Amino acid sequence: MQIRTRLTLLYLLTAASILAIVLFAVWWTYKKHTETVFFQNLESKAALTAETALQEVDHLPPLPVRWLEPDDTETLPYRENVSLYNDAYERVFTLRPEAVPLPVKILQNIQQHGRQQFRHQNLHVLGKIMISPANRPFTIVAEGFCDPNELNQLRNILIISFIFGIAAMAASGYYFAGQALAPVSQIMDQVKAMQPEDLSHRVETGANRDELTRLAETFNQLLDRVEQAFRVQRMFLSNVSHELKNPIMAMRAQLDVTLQRDRDPDAYRKALQSVLDDVRALGEVEEKLLQLARIYNNPAGIPFAPVRLDELLLQAKEQLQKNQPRYRAVIDPGQLPESDEILHVSANEALLRTALLNLMDNACKYSPDKRVLVRVRFQPDGGHLVEVCDNGPGIAPEELDMIFEPFYRSPQHQSSVKGTGVGLSLVRSILHLHGVAIKVLQPEEGGSVFQLKFPVFGRT
Ligand code: ADP
């Protein structure tokens, strides 16, 4: 069932129940009021008769009884009567001699309660006990026909109002449900029109701050992420071919030129060395891509163990200086905790070392003085902070999101600094695997700070 129909039905059901209860209450209250007024009328008639007849009642003989034919008993032939009965349940006075006396059982009931009002056949009856001058109890009974026409008319009016009310509510409910859901249909139409080739379109959000606007906004945020993923994928494909093609072309050109004529051993050595450098660079890219693929493909299969973070940083520092003797790394461990336990983090040692090494390598690579400062602040709850600080050119704010994408290289470094563009995307994947948050800070004094925040113990 469509939401529009379901909403209309629910609304109709609720409104119809409320309307039915209200209309019934109106009818019931009016009926009770009519009856009360009618009985008040009967009471005054009984009082009037009692005033005149009660003086002589002690001397009145019982009246003869005239029984009605059996088929007359449902509807009495008179509309009003007042009668008096003595303590032997004999009628001693009546305005309508042809009226049938009340059954003894009813009279006993009145006597028992002192006063009773009830319906008898088609009449409303009020019975009351009165005391005669001779101190004998008499029952005075006033009967009357309460015309139900007015009440029936009111009932019919209420039923017709109910039917019209329901019809009007169904129509308005269906219309408003349609109006309320129209933006959903619009969103659906807009989404249907979107194609993977062009993800730049967004769903219209409208001016109201309602749930549907928020739904459209959430959808647009999802589209932002999908577009970003597509963009990264496209960039990855074009960059990967570019990054692989360039060194291969360079090696080929170098070898072509070298082989054009005979050369002395030194020239061959130089050429081979240059080719070897390019092969190494290619090997590095391939190694990083392999690691990335491993993390993406089977993160659950990567083993974790407790590792001392301070030792890991020292190992990364040594590796850095061994790879590039020009680079200098300084580690500021802050205040070391009392217990060695706190220095441990749960990690894949090789991967986390690679991430730290990459960050230190970048810091040195992009700093004119080729130095990096690694500040560590150990926290008792395990949420350690590691800041890799350099005094390089910093990173442009618009590039902050892109530098972590595979193969992204800032245009300002593309020709001046050698690189592959894979390092930071590998760093991000490794840190994500370890539950470590990474943030790039831009200190006022220049340079950049890559800040890592380790997860609090037991929360990876
Ligand atoms: P690569 O360094 O090989 O180019 P990365 O993925 O490590 O690749 O870095 C991506 C880009 O981020 C770099 O091209 C550079 O523009 C920028 N970058 C990374 N680290 C730094 C840094 N410490 N200072 C300035 N820019 C940096």
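It should be emphasised that the depicted structure is a prediction, and the values quoted were computed from it without experimental measurement. Note: hydrogens, waters and symmetry copies are ignored here, and every other heavy atom, side chains too, is used. Counting starts at 1 for both ligands and their atoms, following the listed order.
- Salt-bridge formation is not detected for the pair Arg280/Glu284: no Lys NZ or Arg NE/NH1/NH2 atom is positioned less than 4.0 Å from an Asp or Glu carboxylate oxygen.
- For His384 (side chain) and Leu452 (main-chain N/O), no donor-acceptor pair under 3.5 Å exists by modelled atom type.
- Take Asp224 and apply the salt bridge (Lys or Arg N to Asp or Glu O under 4.0 Å) test, not counting sequence neighbours, and it matches Arg202.
- The aromatic rings of His413 and Tyr366 lie tilted to each other, with the angle between the two planes from 30° to 60°.
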Quick one: do His434 and Phe304 satisfy ring-ring contact (aromatic ring centres under 6.0 Å, His included)? Show the steps, please. CA-CA 9 Å; His434 287 79; Phe304 273 62; 4.8 Å; yes
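- Under a 4.0 Å N-O distance rule, the pair Arg269/Asp264 does not qualify as a salt bridge.
- Listed by chain and number, residues touching ligand 1 at under 4.0 Å (heavy atoms only) are Asn362, Ala363, Lys365, Tyr366, Asp390, Gly394, Ile395, Ile403, Tyr408, Arg409, Ser410, His413, Gly419, Thr420, Gly421, Val422, Gly423, Leu424, Ser448, Phe450.
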